[in-house]
Amino acid sequence: MDIVRTVVRRELAAYFTTPLAYVFIVIFLALAGAFAFFLGGFFERGQADLESFFVFHPWLYLFLVPAVAMRLWAEERRTGTIELLMTLPASTFQIVLGKFLAAWIFTGIALALTFPFWLTVNYLGEPDNGVILAAYLGSWAIAGAFIAIGACASALTKNQVIAFVLGAAICFLFLMSGVDLVLAAFRGWAPDWFVDLVASFSLITHFNELAKGVINAATAVYLATLVGVCLLVNTLIVDLEKAR
Amino acid sequence: MQEMVRLERLTKRFGAVQAVDGVSFSVARGEVLGFLGPNGAGKSTTMRMLTGFVLPTSGTARVMGFDVVREPRRAKERIGYLPEGAPSYGDMSPLGFLRFVGEMRGIHGKELARRIGVAFERTGLEEVANRPIETLSKGFRRRVGLAQAILHDPPVLVLDEPTDGLDPNQKHEVRKLVREMSRDKAIIVSTHILEEVDAVCDRVVIIARGRIVADARPEELERRSPTHNAVRLTVDRERATEAMDAIRTLNTVREVRRLEEVNGVATLLALPVDGADLGAQVSQLLYGRGIRIERLAVERGRLDDVFRELTQGGSA
């Protein structure tokens, strides 16, 4: 655990020593606000809740989170520090986990900084704060899934731009897999159970529940599994690179 | 002598390219092994396999008896490694960086502070301890890499071109440091600077196209040089030709060359057969003929001649 904590500390510090962290946070806050007010009709709804705020999070994450994850491995490879890191007496999984947690905590910080929305609805009315907390956790979980995917993409290349585009593309597929556009591509040839399986991967379907404050076991298990599998794939990618 | 590092038929293939081909050697405690070879000969790949960054295609590498592939953590704990180019995190300070490396190696608190102090002192980093590494000069950055490698006082040190990019004073410092630390460690230093071999190494392994072409003490290698025990002498220009003819009559002489003429004095070089000792013979011979020798010196032999011959021999 010591090693994981050390990696988390270093990675978090690395975020805040570059302008990336501040740029990310500012853009995230600005867009989260703009979407909620202009697209979501935050005030016009006349309801003291944050649904119009949370519902856009997956779309924000779609291009912001891969930007957070893209440097995790690509930069180590570009600067050669990966050689230093991988020759320290730590297991690959410990390092993979540490990097994931650091990026996840970072998005958590950005998300926590949206607290003025929460203050506002509490000032204007009497929202169900339990629902809001659940929605926050759900939003953070989606961010975590995207980071795990983005970290895998980052491990595949030493070019951060490629890592970003690849990460965003894979995240998009997971986000949209419940939409007819994607499912139609499978319907013609795949059996029904397969189409249903693909549909059940859809993060947007799961998230719409989460945004209403509903956390069900299936969603929790799905997200945990997705993150777990991505971390293992990430470990595998890094280890395979050694044997290449 | 306790054997601390052992490579056995270590081989690495990248696709169709045979980068390292059956390399075997061992290093004992107290020994500094110079690992030489032209660029692309497989030096870095061999060191990467030894330190667990690259998995060998076949063969084994052991550090203090621990197989790098089977027990990577135990092997890595016992190695201090300076990778090629001395990579480090540019956004960190030397202090922060050493703290990170120390904690990754399970050193904490006061003990970590003490060890960082020692590593800083040995590498002369105190003055830049808190500056971001990316703002430091190449020499300082290399020393940060070195400090990181010696931080946990490992029994085995693997240094890939530790003096590359340093000025002569810094090179001297690093060599002194390597010598000082060699007493109770096994050290492998890769380099393509041959003077370094004389300065720090007890033994030399030369590798070319992935294979070991020489494993010997530096003096033994010098002896293989065509100019080993060659005699360099200066005589009056007028009598140079006569002197050359006379020296050629010795059956221990392979060749005599006329090198240069300055102020009426000619410099001659007599190359021996099989490194025979010529000095006394040549001086007696010329004395007997009444040819005065201004100066006479016996050459030790040049490592770079041997290096060139070994690493280019047989190439197309």
Side-chain angles (χ1 to χ4, degrees), chain A residues 1-23 68 71-99 101-103 106 155 158 160 235-244, chain B residues 12-15 19 44-45 47-57 63 66 68-69 71-93 96-97 99-108 112 132-134 144-145 148-149 151-152 154 158 160:
Chain A
M1 241 16 239
D2 261 6
I3 286 174
V4 176
R5 201 179 324 133
T6 304
V7 174
V8 169
R9 229 181 358 237
R10 198 211 88 70
E11 293 290 333
L12 260 185
Y15 277 116
F16 287 99
T17 50
T18 61
L20 178 78
Y22 304 99
V23 170
V68 171
R71 55 163 285 282
L72 287 177
W73 293 94
E75 187 163 84
E76 300 265 10
R77 198 155 283 166
R78 186 180 61 80
T79 59
T81 47
I82 186 139
E83 188 165 357
L84 194 103
L85 196 60
M86 301 313 293
T87 52
L88 290 171
S91 73
T92 308
F93 184 74
Q94 286 173 316
I95 298 170
V96 165
L97 184 62
K99 280 175 175 284
L101 288 175
F106 175 70
K158 60 177 164 186
Q160 294 196 31
T235 308
L236 211 64
I237 293 171
V238 175
D239 276 342
L240 281 179
E241 190 63 28
K242 287 204 289 191
R244 188 176 56 92
Chain B
K12 181 70 188 179
R13 215 171 14 244
F14 294 113
S44 290
T45 305
M47 291 178 132
R48 283 173 175 168
M49 286 192 278
L50 171 60
T51 54
F53 180 58
V54 165
L55 293 178
T57 309
V63 177
F66 296 107
V68 173
V69 177
E71 295 178 274
R73 198 175 302 203
R74 288 190 172 176
K76 287 171 180 180
E77 278 168 0
R78 289 160 174 81
I79 302 179
Y81 179 38
L82 174 71
E84 188 180 12
S88 55
Y89 296 107
D91 53 292
M92 298 177 110
S93 66
F97 180 59
R99 255 190 215 138
F100 167 70
V101 172
E103 283 173 11
M104 289 294 280
R105 290 190 175 280
I107 312 165
H108 297 277
L112 180 57
I133 293 172
E134 62 197 356
V144 170
Q148 163 275 127
L151 182 66
H152 53 299
V158 180
D160 201 346

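Only this structure's heavy atoms are used, side chains among them; waters, hydrogens and symmetry mates stay out.
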* To do: Tell me, for B:Ser88 versus chain A, whether the close heavy atoms (under 4.5 Å) come from the side chain, the backbone, both or neither.
  =>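 Looking at B:Ser88, just its backbone touches chain A.
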
* To do: Let me know if B:His108 has heavy atoms under 4.5 Å from chain A in its side chain, its backbone, both or neither.
  => side chain

* Side chain from CB out, backbone as N, CA, C, O: work out which of these in A:Thr18 comes under 4.5 Å of a heavy atom of chain B, or both, or neither. =>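 The answer is neither part of A:Thr18.
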
* Structure fact -> If one checks every heavy atom of A:Glu76 against chain B at 4.5 Å, the contacting part turns out to be side chain

How long is the span from the [atom1] atom in [X] to the [atom2] atom in [Y], to the nearest 0.5 Å?
| X | Y | atom1 | atom2 | result |
| --- | --- | --- | --- | --- |
| A:Asp2 | B:Ile107 | CG | CD1 | 12.0 Å |
| A:Ile95 | B:Met104 | CD1 | CE | 4.5 Å |
| A:Thr81 | B:Met92 | OG1 | CE | 10.5 Å |
| A:Thr6 | B:Arg99 | OG1 | CZ | 12.0 Å |

* Does atom CZ of B:Arg74 have more than 12 heavy-atom neighbours from other groups under 6.0 Å away? -> no

Which one, [options], leads in non-hydrogen pairs under 4.5 Å with chain B?
| options | answer |
| --- | --- |
| A:Asp239, A:Ile3, A:Leu84 | A:Leu84 |
| A:Glu241, A:Arg5, A:Gln94 | A:Gln94 |
| A:Glu83, A:Lys242, A:Glu75 | A:Glu83 |

Any side-chain heavy atom of [X] within less than 4.5 Å of one from [Y]?
| X | Y | answer |
| --- | --- | --- |
| B:Phe100 | A:Leu85 | yes |
| B:Phe97 | A:Arg10 | no |
| B:Arg105 | A:Leu88 | yes |

* Structure fact -> Looking only at B:Glu84, B:Arg78, B:Arg13, B:Arg73, the option with the highest number of non-hydrogen pairs under 4.5 Å against chain A is B:Arg73

* Of all heavy-atom pairs between B:Pro87 and A:Thr79, which one has the smallest distance, and what is that distance? -> CB-O, 3.8 Å

* Asked: If you take all heavy atoms of A:Pro89 and B:Glu77, which pair is closest and at what distance?
  ->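 Result for this residue pair: CB-CG, 3.6 Å.
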
